[in-house]
Chemist: 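Below: one structure in structure tokens.
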Amino acid sequence: MAALRFCANLNFMFLEAGSFLERYRAAKTAGFSAVEGPFPPAEVNLDALVAVQQETGLKQILMNIALGDTPGCQFGCAALPGLEKEFLINFERTVEYAKAVGCGKIHIMAGKIEGPPTQDHDKTYLANLRAAIPILERNNIIGVIEPINAYALPGYYLSCYDKAIDIITAVGSSSLKLMFDIYHAQHIRGDITNTFNKLAPHIGHIQLAQVPGRNEPSSEGELNFRYILHAVASGGQYRDGWIGCEYRPATTTAEGLSWLRTYGYWQ
């Protein structure tokens, strides 16, 4: 059985701590040994990020790609024709930050589009991912792509697991994998344990939140996370073990962490 480990998502958790860097300190105080989350905001430079990581001793498991300041790219631009230069600049900047903090995974966000995807979107996305591969391989970093459900983010380019697997297969590199967010997977496909087992060979990272409220796994909702997490661990297919807690705490973050102890993952 694989050992599951949980990292705090600093885009959703510990927002009550105030500044972005204070969220690192709050995660450490609460008992986490690792974090994941967005690319640091503009007011946080690389030296400050490295300093708070060294201070807290937290591992940075995953970092979202930098979004830059180009209009319309607040959810990435990997699939947006005409923004290939911006994509590469944002990607290379993210790699620089990831290397500095020892982060081994980058979430490459596709972007939001108007209307259904076109062949131009498909070609742009594939070309940008292929361009990213040598950089990922050279720096020993895994890129992950994530289908995001249309209820949470209407218009996001990638909202289908079959399409994601087709893209990963077309790129053909072990440096590109799937982000399996259980919250999005329930909305998109359902049948979580069978879906996980089918997609497991491609999965490079897992995230979770209850459906539909996107709160703690133990909160009221559609999913039995005690069962789901046992199924993920007992299958032994997700050897990385890290799971991102990308949920909105129903009250304060610290108060909502009791599920980790109730489910037997923390003492």
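These numbers come from the heavy atoms of this one structure, side chains and all, not from hydrogens, waters or symmetry mates. Given the structure is predicted, the values throughout are model-derived calculations rather than measurements. FYI, the numbering just counts along the sequence from 1.
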Chemist: Start with the C-alpha distance between Q237 and N197, add both sets of side-chain angles, then the distance that settles side chain to side chain donor-acceptor pair (under 3.5 Å), and finish with yes or no.
Modeler: CA-CA 8 Å; Q237 299 182 82; N197 289 333; 3.3 Å; yes
Chemist: Partners of Y263 by ring pair (Phe, Tyr, Trp, His ring centres under 6.0 Å), sequence neighbours excluded?
Modeler: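 Only W259 meet the ring pair (Phe, Tyr, Trp, His ring centres under 6.0 Å) criterion with Y263.
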Chemist: Test of understanding: with salt bridge (Lys or Arg N to Asp or Glu O under 4.0 Å), list the residues that count as partners of D47, not counting sequence neighbours.
Modeler: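 Residues passing salt bridge (Lys or Arg N to Asp or Glu O under 4.0 Å) with D47: none at all.
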Chemist: Enumerate the salt bridge (charged side-chain N to carboxylate O under 4.0 Å, His left out) contacts for residues 132-148, please, sequence neighbours excluded, ordered by first and then second residue.
Modeler: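 Checked against salt bridge (charged side-chain N to carboxylate O under 4.0 Å, His left out) - neighbours excluded - no pair reaches residues 132-148.
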Chemist: Check for a donor-acceptor pair, side chain of N128 on one end and backbone N or O of A78 on the other, with a separation under 3.5 Å.
Modeler: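 Flag set: sc N128 to bb A78 pair under 3.5 Å.
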Chemist: Please check: side-chain N/O of R93 versus main-chain N/O of L67, any donor-acceptor pairing under 3.5 Å?
Modeler: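 Looks like no, no N/O pair under 3.5 Å.
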Chemist: Ring-plane angle category for Y97 and F39, please: parallel below 30°, perpendicular beyond 60°, tilted otherwise.
Modeler: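 Correct class here is tilted.
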Chemist: Under the criterion side-chain contact (heavy atoms from CB on, under 4.5 Å), which of V44, N11, V52 is the partner of F20?
Modeler: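 Exactly one candidate clears the test, V44.
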Chemist: Provide the closest heavy-atom pair for L176 versus V144 in the form atom of the first, atom of the second, distance.
Modeler: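 Of all heavy-atom pairs spanning L176 and V144, the closest is CD1-N, 4.5 Å.
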Chemist: How close do R23 and F14 get, counting heavy atoms only, and between which atoms?
Modeler: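 R23 and F14 have their closest heavy atoms at CG-O, 3.2 Å.
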Chemist: If we count only N and O atoms by modelled type, under 3.5 Å, do the side chains of H107 and E36 hold a donor and an acceptor together?
Modeler: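 Checked: H107/E36 side chains show no N/O donor-acceptor pair below 3.5 Å.
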Chemist: Going by atom type alone, with no hydrogens or angles, which donor-acceptor pairs under 3.5 Å involve a side-chain atom of residues 79-89 and a protein atom two or more places apart or on another chain?
Modeler:
residue : atom : partner : partner atom : Å
E84     : OE1  : G82     : N            : 3.1

Chemist: Sequence neighbours left out, what pairs pass salt bridge (charged side-chain N to carboxylate O under 4.0 Å, His left out) with at least one residue falling in residues 217-236?
Modeler: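 Every candidate salt bridge (charged side-chain N to carboxylate O under 4.0 Å, His left out) pair involving residues 217-236 fails, so no pair, neighbours aside, qualifies.
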Chemist: Indicate every side-chain donor-acceptor pair of residues 115-122 with a distance under 3.5 Å to a residue at least two apart or in another chain.
Modeler:
residue : atom : partner : partner atom : Å
T118    : OG1  : D120    : N            : 3.3
T118    : OG1  : H121    : N            : 3.3
T118    : OG1  : H121    : ND1          : 3.0
H121    : ND1  : T118    : N            : 3.0
D122    : OD1  : Y157    : OH           : 2.6
D122    : OD1  : K163    : NZ           : 3.0

Chemist: Do any N or O atoms from the side chain of K105 and from the backbone of G204 form a donor-acceptor pair under 3.5 angstrom?
Modeler: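 Here the side-chain-to-backbone pair exists.
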Chemist: Mind checking side-chain contact (heavy atoms from CB on, under 4.5 Å) for I203 and listing every partner two or more places apart, or none if nothing turns up?
Modeler: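 If we apply the side-chain contact (heavy atoms from CB on, under 4.5 Å) test to I203, skipping adjacent residues, the hits are L178, F180, F196, L199, I206, Y238.
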Chemist: Taking only residues two or more places apart in sequence or in another chain, which ones pass salt bridge (Lys or Arg N to Asp or Glu O under 4.0 Å) with R248?
Modeler: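 Result, salt bridge (Lys or Arg N to Asp or Glu O under 4.0 Å) vs R248: none returned.
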Chemist: What residues form a ring pair (Phe, Tyr, Trp, His ring centres under 6.0 Å) with H202, not counting sequence neighbours?
Modeler: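 Checked H202 against ring pair (Phe, Tyr, Trp, His ring centres under 6.0 Å); zero matches.
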Chemist: Can you name the side-chain contact (heavy atoms from CB on, under 4.5 Å) partners of P154, sequence neighbours left out?
Modeler: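 Counting only residues at least two positions away or on another chain, P154 forms no side-chain contact (heavy atoms from CB on, under 4.5 Å).
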Chemist: Between Q207 (side chain) and E246 (backbone), is there a donor-acceptor pair under 3.5 Å?
Modeler: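 Absent.
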Chemist: Where the side chain of T253 meets the backbone of P249, is there a donor-acceptor pair that is under 3.5 Å apart?
Modeler: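 The answer is no, because no donor-acceptor pair under 3.5 Å joins these two groups.
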Chemist: For the side chain of E216 and the backbone of Q210, is there at least one donor-acceptor N/O pair under 3.5 Å apart?
Modeler: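 No, E216 side chain to Q210 backbone: no donor-acceptor pair under 3.5 Å.
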Chemist: Residues two or more places apart in sequence or in another chain: which of them pass side-chain hydrogen bond (donor to acceptor under 3.5 Å, both in side chains) with T251?
Modeler: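 Listed in chain order: E255.
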Chemist: Of all the heavy-atom pairs spanning I182 and I192, show the shortest one and how long it is.
Modeler: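 I182 and I192 have their closest heavy atoms at O-CD1, 4.0 Å.
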Chemist: Keeping S175 on the side-chain end and P134 on the backbone end, is there a donor-acceptor pair under 3.5 Å?
Modeler: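 No.
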Chemist: Tell me, please, which residues at least two apart from E22 pass salt bridge (Lys or Arg N to Asp or Glu O under 4.0 Å).
Modeler: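 Residues passing salt bridge (Lys or Arg N to Asp or Glu O under 4.0 Å) with E22: R25.
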